Amino acid sequence: MIKGIDHIGIAVRSLDETLPIYDALFGLKPAHFESLEREGVRLVFIPVGDDNVEFLEPTKPEAALTKFLERRGEGIHHICLKTDDIVADLKSLAAKGVELVDKEPRIGSEGRRVAFLHPKAARGVLIELAEEL
Ligand code: CO
């Protein structure tokens, strides 16, 4: 069951160029850096009160994120919803015929189980599900 918004994901070309901007604008500091080798992504979480913004930078030319930046430019990439049971939610979405990028959860940042819906399923918005720790 969906419990709330976990984070907003923002695609950028360079974390090194982006992070000082959010610090200068709002005094927001990164809390957690991580590289997802398989996805070709380096990411950082910036806490905003009780919520988080995730900034994503591609590390490989063939990464899906590189293609996203070429097509759409920098900006909001996905919205992540928090769930208490990702397997049950994926099953129920599949039963409704929803187009899923991941039929089974994969391991995302901080070792959490995550899965993406196809943007076609939600009016052009890429939705990530992440299981609560
Ligand atoms: Co995310």
Side-chain angles (χ1 to χ4, degrees):
M1 190 197 285
I2 299 304
K3 298 294 189 179
I5 292 179
D6 190 85
H7 62 266
I8 309 287
I10 297 178
V12 298
R13 291 195 178 85
S14 162
L15 290 178
D16 292 343
E17 286 174 20
T18 302
L19 298 180
I21 295 171
Y22 280 80
D23 189 2
L25 287 174
F26 309 115
L28 296 172
K29 314 265 187 225
H32 173 79
F33 279 89
E34 199 168 325
S35 259
L36 299 178
E37 198 52 47
R38 201 172 58 95
E39 325 284 348
V41 165
R42 198 162 76 100
L43 62 90
V44 59
F45 277 90
I46 297 186
V48 184
D50 293 333
D51 301 307
N52 278 284
V53 179
E54 174 188 44
F55 290 89
L56 306 141
E57 168 198 86
T59 56
K60 296 182 199 167
E62 68 274 23
L65 192 63
T66 304
K67 291 178 180 85
F68 176 92
L69 284 165
E70 280 165 9
R71 270 199 328 270
R72 313 260 300 255
E74 293 182 306
I76 292 181
H77 177 261
H78 66 271
I79 294 177
C80 180
L81 304 178
K82 199 183 307 189
T83 167
D84 58 357
D85 188 342
I86 195 167
V87 172
D89 283 342
L90 287 172
K91 253 188 212 154
S92 128
L93 288 164
K96 290 177 201 162
V98 172
E99 201 171 333
L100 301 170
V101 174
D102 301 300
K103 291 187 178 66
E104 306 284 333
R106 58 169 122 156
I107 300 301
S109 61
E110 297 182 297
R112 296 170 75 188
R113 297 205 292 176
V114 304
F116 286 89
L117 278 64
H118 196 283
K120 273 188 215 157
R123 302 305 251 178
V125 178
L126 178 60
I127 303 273
E128 177 182 20
L129 301 179
E131 199 161 62
E132 291 173 316
L133 286 175

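Side chains included, hydrogens not; waters and symmetry mates left out as well; all remaining heavy atoms used. Throughout, residue positions are numbered sequentially from 1 according to the sequence presented. In listed order, ligands and their atoms are each counted from 1. All values reported here derive from a predicted model rather than from experimental measurement.
- Comment: Arg113 does not engage Asp102 in a salt bridge, judged by the lack of any side-chain N to carboxylate O separation of less than 4.0 angstrom.
- Only protein N, O or S atoms were scored, and 4 of them lie under 2.8 Å from the Co ion (ligand 1).
- Here side chain to side chain donor-acceptor pair (under 3.5 Å) pairs that include residues 61-70, with residues two or more places apart or in two chains, number zero.
- Taking Ile, Leu, Val, Met, Phe, Trp and Tyr as hydrophobic and joining them when side-chain heavy atoms fall under 4.5 Å apart, one finds Phe116 in a cluster with Val101, Leu126.
- The minimum heavy-atom distance linking Glu110 with Leu133 is given by the pair O-CD2, 4.3 Å.
- For residues 17-26, the pairs satisfying side chain to side chain donor-acceptor pair (under 3.5 Å) are Asp23-Lys29, with sequence neighbours left out.
- With respect to Glu57 and Arg42, a salt bridge is recorded, a charged nitrogen being found less than 4.0 Å from a carboxylate O.
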